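Predicted, not measured: the structure shown is a model, and the values here were computed from it. Below, each value reflects all heavy atoms present in this structure, side chains not excepted, and no hydrogens, waters or symmetry copies.
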Amino acid sequence: MADKLEGHLNSPDFFGTAEHKIAKLVITNVSKEGSGAYDVKAKLTIKGITNPIEFKATSKTSGDEVPFDAKLIVDRSKYDVKYGSGSFFEGLGNKMIYDDFELNVHLVTSVK
């Protein structure tokens with residue numbers, strides 16, 4: 001079942017990974033909100049479509065590395081991912097798939 005799901009997510013119905021091999025997150029601004037807490041503004045590109053996104057990140061310095069962790073909530077309808085979306089199709093009933101999905105991000109920077 002996992003192979004079937006992965007195949008469908010890679011298909012043009014969802015992310016079209018054969019044509020769109022890379023998704024990008026470009027951070028445009030980081031503001032410190034408190035001890036280890038940051039407000040992040042970025043541009044997210046999926047399927048060649050770029051939209052702004054904002055999220056909170058946390059960090060704890062560990063030696064020469066500074067790891068950041070964040071949870072991004074992404075609205076797939078903004079990236080032309082239409083399959084089962086109530087934003088594009090009416091009358092889906094219990095076959096509708098929510099537009100929002102979560103990305104858990106772990107970034108590591110160096111302080112060298």
Counting only pairs under 3.5 Å, give me each side-chain donor-acceptor contact of residues 24-32, with atom names and distances, residues two or more places apart or in other chains.
from : atom 1 : to  : atom 2 : distance (Å)
T28  : OG1    : K41 : O      : 3.1

**Message:** Within the structure provided, determine whether H106 and P67 are in side-chain contact (heavy-atom separation under 4.5 Å).
**Reply:** yes
**Message:** How long is the straight-line distance from CZ of F14 back to CZ of R76, given to the nearest 0.5 Å?
**Reply:** 5.5 Å
**Which residues share a salt bridge (Lys or Arg N to Asp or Glu O under 4.0 Å) with D39, sequence neighbours left out** = K56
**Item:** Partners passing side chain to side chain contact (heavy atoms under 4.5 Å, CB included) against K78 (at least two apart in sequence or in another chain)
**Value:** N51, D75
**Request:** Could you tell me which residues satisfy ring pair (Phe, Tyr, Trp, His ring centres under 6.0 Å) with F68, sequence neighbours excluded, listed by chain and number?
**Result:** Y38
**Message:** Taking atom CD as the centre, does E65 end up with more than 12 heavy-atom neighbours from other residues, nucleotides or ligands that are less than 6.0 angstrom away?
**Reply:** no
**Prompt:** If two hydrophobic side chains count as joined below 4.5 Å and joins carry through other members, does F101 share a cluster with V81?
**Reply:** yes
**Interatomic spacing from CG in D80 to NZ in K47 - rounded to 0.5 Å** = 4.5 Å
**Item:** Listed partners of K60 passing side chain to side chain contact (heavy atoms under 4.5 Å, CB included), at least two apart
**Value:** none
**Flag, side chain of S59 to backbone of G36, donor-acceptor distance under 3.5 Å** = no
**Request:** Please round to the nearest 0.5 Å and tell me the distance separating atom NE2 of H20 and atom CD1 of I49.
**Result:** 7.5 Å
**Fill in**
Separation between CD1 (I97) and OG (S77), nearest 0.5 Å, reads 13.0 Å
**Message:** Return the CG to CG distance between L44 and L103, rounded to the nearest 0.5 Å.
**Reply:** 7.0 Å
**Request:** Please confirm whether the backbone N or O of V66 pairs with a side-chain atom of T109, one donor and one acceptor, at under 3.5 Å?
**Result:** yes
**Request:** Any salt bridge (Lys or Arg N to Asp or Glu O under 4.0 Å) involving residues 10-22? Give me the pairs, sequence neighbours left out, ordered by first then second residue.
**Result:** none
**Request:** May I ask whether I46 and I22 are part of the same hydrophobic cluster, defined by side-chain heavy atoms of I, L, V, M, F, W, Y residues being less than 4.5 angstrom apart, directly or through others?
**Result:** no
**Message:** What I'd like to find out is whether the side chain of D69 reaches to under 4.5 Å of the side chain of V105, using heavy atoms alone.
**Reply:** no
